[in-house]
Amino acid sequence: MFNGCKKYIPFHPQPIENRTWPDKIITKAPVWCSVDLRDGNQALVDPMNLREKLDYFHTLIDIGIKEIEIGFPSASETEYEICRELIEGGHIPDDVTIQVLVQARPHLIQKTFEAIEGAKNVILHFYNSTSTLQRKVVFHMEMEGVTQIAVDAADLIYELSQPMIEKGMNLRYEYSPESFMGTEMDNAVEICAAVLDHLHATAESRVILNLPTTVENCMPNQFADMLEYFIRSLPGRERAIISLHPHNDRGTGVATTEMGLLAGAERVEATLFGNGERTGNVDMVTLAMNMYTQGIDPELDFSDINKIRDMYERCTKMKVGERQPYVGKLVFTAFSGSHQDAINKGVQWMKANDSGYWEVPYLPIDPADVGRQYEPIIRINSQSGKGGAAFVMQQNFGFDLPKSMHPEFGHIVQLETDRVGTELQPQVIFDLFKKEYLDIDAPYKLIKHSFHEETTDGHSQVTFTGTLQHKDTKFVVVGEGNGPIDAFFNAIHGQKIDQFTFVDYKEHAITNGSDSMAVAYIQLRDKNGKDFFGVGISHNINLAPLKGILCAINRYKQHHVS
Ligand code: KIV
Ligand code: ZN
C-alpha cells in the first residue's frame with residue numbers, strides 16, 4: 001500500500017456560521033485586471049522582450065481591459081525600461097490604468113516611484129507574504145514583524161505618492177497579503193486593516209485588497225468560506241475593493257474565482273488562457289465567457305479569439321491546448337454520432353423556430369460569438385454516426401439528404417473511416433458521395449427523352465418518351481402518369497428494371513455561385529423490402545428525379561451483380 005499521501009497536511013477549513021455565498025449568483029462583471037505582463041511574463045521560459053510586451057499590451061487594450069499590471073519595474077533594468085517606454089511612448093490610453101508591482105521593501109519602492117513618473121493613472125501594488133508556512137520556514141518571524149513590514153511600506157508609499165498626486169497623477173494603492181489562502185484569517189484581517197489605516201483609505205478613496213490564492217490549496221467552496229469570513233470581519237470594509245488573484249494548482253482556479261465573486265469579491269486579476277507561475281493564473285477568457293453564456297456582459301471583447309490566441313502564442317511561445325475552453329482547436333467539434341445528431345437537430349430547430357436564444361445541445365456557446373463560425377462543428381471519424389456525414393454534406397456542400405437516407409450514406413462513410421483509420425475531411429466525404437451516387441451511369445443510362453403534358457379540367461396527364469441504354473443495347477420506352485416521375489415509372493414497367501416500388505422522393509435546389517441545380521433523392525424498395533437510394537442532379541427539375549431513379553436502380557444492380 002502506497003502511503004506517500006500521509007506526508008501532506010490536510011487543509012483546515014475556516015469555520016463560518018450562516019454562510020450566504022451559496023445562495024448568490026453572479027450578476028455583473030467584476031473589475032478585470034490583467035497580470036499577463038507581470039505574473040504571466042515572469043513564468044515564461046523566455047520572458048517577453050519590449051516588442052512582444054507592446055504587442056501584448058495593445059491586444060489587452062483592444063479586449064477592453066482597463067487595469068493592466070505591466071511589470072515589476074524595480075526588478076530589472078529591462079522591466080524598468082519597458083515601463084518607461086509604455087509611459088513615454090504614449091502607448092497608454094487615458095482610460096487605462098497601469099499597475100506596477102513591488103515588494104514591501106524601501107529601496108524597491110523608491111525605484112518604482114521613479115519608474116511611474118509621468119503616467120496618468122497608476123495602481124501601486126505592494127505585497128509581502130503573510131502565510132503561516134513562510135513565517136515558519138522562510139522568515140522565522142511572528143505575525144507582528146510581518147505586519148510591521150507591511151505598514152512601514154504603506155507609510156512610505158503614502159508619503160512618496162503625495163507629490164505625484166499633487167502634480168495630477170491619479171494614483172491608487174493595492175496591497176496583497178501574499179499566500180492569503182495559507183494565512184490564518186484573523187491574521188489576514190488584522191494586517192489588511194492596518195494597511196488600510198496607514199494608507200488613509202476611505203469609502204471615497206478605496207484601497208484594493210488583493211487576496212491571492214498564491215498556491216491553490218483548498219476546494220473552491222472552502223476558499224469562499226474564508227473570503228466571506230474575511231470580508232465580514234474586516235473593519236471598515238467599505239474602504240476596500242476586494243480583489244482575487246487565483247492560481248490554479250488544483251485545477252480549480254475558475255471555480256475558486258466564481259465562488260469568490262459570490263462571497264463578495266469585486267475585482268479579478270487574471271491572465272489570457274491562464275498563463276502564469278506553475279499551473280498558471282486563472283484564465284480570464286474562461287471566466288469572461290462563462291459569464292457571457294449566462295447572459296451576463298463580461299465587458300471584454302473576445303469576438304476574435306483566434307487572433308488573440310495567435311498573438312498569445314507568438315509573444316509567449318506557449319501553446320493553447322486543443323481542449324482549452326472557448327479557444328482550443330477542438331472545442332467546437334463533435335465526433336460522436338449521437339452528439340452530431342443532436343447538434344444537427346438543434347441547428348435545424350433554431351432555424352425553424354427563430355427563437356432568439358442559443359439552444360443547441362452539446363454546444364454551450366455559439367462558435368460565431370468568438371469568431372469561430374468557419375470551422376466544421378462536426379467532424380467525421382470512426383466514432384461518428386449516420387447523421388454526421390449528412391450534416392457535413394449539408395453544411396459544406398448544400399446537399400440536404402432525406403433523414404431516411406442518413407443510415408445508408410452514414411454506413412458508406414463509416415466503412416471508409418474504418419478502412420483509413422483516421423478522420424475524414426469534408427472533401428473526402430463529398431468524394432465518397434459523388435462516387436457512390438453521382439458518378440453512377442451503368443448499366444442503365446438515359447440517352448434522350450421528352451415529356452408531353454396535357455391538362456384537362458385542371459387534371460394533367462404527362463407522357464414520357466425516352467431512349468434508354470442497357471450496356472450496348474438501346475431501347476425506347478413510353479409511359480403516362482400524373483407527373484414526370486409517375487410517367488417515367490410507368491414507362492419502365494414491363495422492362496427488367498420494374499421490380500422496384502417507389503417509396504419516397506425529395507428534391508431541392510443547390511446553388512453554386514450563380515449556377516442553380518436541382519438535386520433529387522429517390523428511395524426505391526426491392527421485392528425483399530430492402531430500400532435503395534439514388535441521387536440525380538440536373539439544371540432541369542424534371543430530369544433530376546429520373547436520374548435519381550436510374551441511379552438507385554444502377555446501384556441496386558451493381559450491388560446484386562448476379
Ligand atoms: O500569486 C501571488 O501571490 C502574486 C502576488 C505578488 C500578488 O502574484
Ligand atoms: Zn500570482
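In listed order, ligands and their atoms are each counted from 1. Numbers for residues simply follow the sequence, beginning at 1. All values below come from the heavy atoms of this structure, side chains included, with hydrogens, waters and symmetry mates left out.
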Do His200 and His198 have ring centroids that are under 6.0 Å from one another?
no

Looking at ligand 1, does any of its N/O atoms fall within less than 3.5 Å of an N/O of His125?
no

Let me confirm one number: the CZ-CD distance from Phe126 to Gln103, rounded to the nearest 0.5 Å.
13.0 Å

Short N-O contact, Arg278 and Glu216, less than 4.0 angstrom
no

Those atoms of ligand 1 less than 4.0 Å from some heavy atom in Pro212
2 (C), 3 (O)

Can you report which non-hydrogen protein atom sits closest to atom 3 (O) of ligand 1, along with the distance?
Thr214 OG1, 2.6 Å

Are any of the N/O atoms in His247 less than 3.5 Å from those in ligand 1?
yes

Write out the residue and atom name of the closest protein heavy atom to atom 7 (C) of ligand 1, then the distance separating them to 0.1 Å.
Ser176 OG, 3.7 Å

Counting only nitrogen or oxygen atoms and a 3.5 angstrom limit, does Glu269 reach ligand 1?
no

NE2 (His245) - the Zn ion (ligand 2) - NE2 (His247) angle, nearest 10°:
100°

Just wondering, is there an N, O or S atom on Asp39 that's nearer than 2.8 Å to the Zn ion (ligand 2)?
yes

Is Glu269 salt-bridged to Arg38, cutoff N-O under 4.0 Å?
no

Would you mind telling me if ligand 1 is within reach of the side chain of Asp39, the backbone, both or neither, using heavy atoms under 4.0 Å?
side chain

Ring centres under 6.0 Å, that's the criterion: do Tyr292 and Phe302 meet it?
no

Atoms in ligand 1 flagged as close to Glu178, the criterion being non-hydrogen separation under 4.0 Å:
3 (O)

Only one of Ile208, Leu209, Asn210 passes side chain to side chain contact (heavy atoms under 4.5 Å, CB included) with Ile241; say which it is.
Ile208

I'd like to know if Arg267 pairs up with Glu67 as an ion pair, taking the criterion as any Lys NZ or Arg NE/NH1/NH2 lying under 4.0 Å from an Asp or Glu carboxylate oxygen.
yes

Looking at Asp55 and Arg314, does any basic side-chain N land under 4.0 Å from a carboxylate oxygen?
yes

Answer yes or no: does an N/O atom from His245 fall short of 3.5 Å to an N/O atom of ligand 1?
yes

N/O of Arg38 under 3.5 Å from N/O of ligand 1, yes or no?
yes

